[in-house]
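Notes for the one structure printed next.
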Amino acid sequence: MFKLTAKALACALSLSIAGMAQAAEPIVIKFSHVVAEHTPKGQGAMLFKKLAEERLGDKVKVEVYPNSSLFGDGKEMEALLLGDVQLIAPSLAKFEQYTKQIQVFDLPFLFQDMAAVDRFQQSPAGQGLLKSMEDKNITGLGYWHNGLKQLSANKALREPKDARGLKFRVQASAVLEEQFKAVRANPRKMSFAEVYQGLQTGVVNGAENPYSNIYSQKMHEVQKYITESNHGVLDYMLITNTKFWNSLPEDVRGELGKIIVEVTAEVNKQADALNQGDKQRILDAKTSEILNLTPEQRGMWRDAMKPVWAKFEGEIGADLIKAADAANQ
Ligand code: LMR
């Protein structure tokens, strides 16, 4: 009898030690992304790691994987849903499989500047989109800015007709495909990690990206011209796996939520300066010429590309497009 009790006691003791060891294990948060560290998203991921580990001590360990080193485009969303990563921040162009509404951000010439993008993101309609994929196990935690996109090519693009027949790399977005078809160019979907090589080998002739992505991927070394077109936005939604997020201990989730608010504000404050710094670095490198459009030339691009809005009005919703347009004030 005594023997049995002692055995049971030992067993209980070892179980409780194992439990203590388990409780002491930090929660590992893997943050995977496709860009370089010296970009708005790259900096945001590192700041998140720093603050989370500083403030949550041993409770949390954040591992950041930049440059598609863990998962690239096309795989990172799947990995999030499988629980192989816990945080990602895909560009808003990469959500069409999960919700058609977020396509609103890809409409060309919709936002007049980043302040308008920001106003729309903070509006009830914009905030609503963060919660629009919870039935698919995806929770949006915030919007991170990169910035407005510039066209690049080995040919000077001043008017829409200059793009005719050229092959442009696009993100996985039907809207962006249509945008290039509207100027009679040939869009080609390609993951971000492949763009430099695609441009270098001539698989594609041009692309569209904010300066920070152009510079950090050295695209300016394989593109003779960059047209400062500011024709669309490339921003991100920081997302997590809804079940993972809801399973976090309340204190940890609360603190991480506060940190995300802080990091988001910092990313969005710094993004423009980072892009402007990279524009200057591109100018200094003298590998490509930056072309400025006259108001008339920009108007021609807008007139050529804007019909794309009508094509997607049914999927996105006229009200949402209206709400985004209203953010221009
Ligand atoms: C792209 O594929 O061009 C961008 O979405 C990459 C990024 O995350 O900024």
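Indexing begins at 1, ligand by ligand and atom by atom, following the structure's order. None of these values were measured; they are calculated from a predicted model. No hydrogens, no waters, no symmetry mates; every other heavy atom, side chains included, goes into these values. For the single chain, residues carry numbers from 1 onward in sequence order.
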### side chain to side chain donor-acceptor pair (under 3.5 Å) pairs, two or more places apart, involving residues 302-314
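Passing the test, one end in residues 302-314: Glu178-Lys311.
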Could you tell me whether [X] and [Y] make a salt bridge, using a distance below 4.0 angstrom between a side-chain N and a carboxylate O?
| X | Y | value |
| --- | --- | --- |
| Glu96 | Lys100 | no |
| Asp73 | Lys94 | yes |
| Arg188 | Glu177 | no |

### Message
Consider side-chain hydrogen bond (donor to acceptor under 3.5 Å, both in side chains). Of Asp272, Asp278, Asn146, which one does Ser212 pass it with?
### Response
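When Asp272, Asp278, Asn146 are each tested with Ser212, the side-chain hydrogen bond (donor to acceptor under 3.5 Å, both in side chains) holds only for Asn146.
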### Task
Check whether the ring centres of His33 and Tyr65 lie less than 6.0 Å apart, and answer yes or no.
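No; Tyr65 has its ring centre 6.0 Å or more from that of His33.
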Please give the N or O to N or O pairs under 3.5 Å between ligand 1 and the protein, distances rounded to 0.1 Å.
| from | atom 1 | to | atom 2 | distance (Å) |
| --- | --- | --- | --- | --- |
| ligand 1 | 2 (O) | Lys94 | NZ | 2.8 |
| ligand 1 | 2 (O) | Arg169 | NH1 | 3.4 |
| ligand 1 | 2 (O) | Arg169 | NH2 | 2.8 |
| ligand 1 | 3 (O) | Arg169 | NH1 | 2.7 |
| ligand 1 | 5 (O) | Lys94 | NZ | 2.8 |
| ligand 1 | 5 (O) | Gln171 | OE1 | 2.7 |
| ligand 1 | 8 (O) | Lys41 | NZ | 2.7 |
| ligand 1 | 9 (O) | Asn213 | ND2 | 2.9 |
| ligand 1 | 9 (O) | Tyr236 | OH | 2.5 |

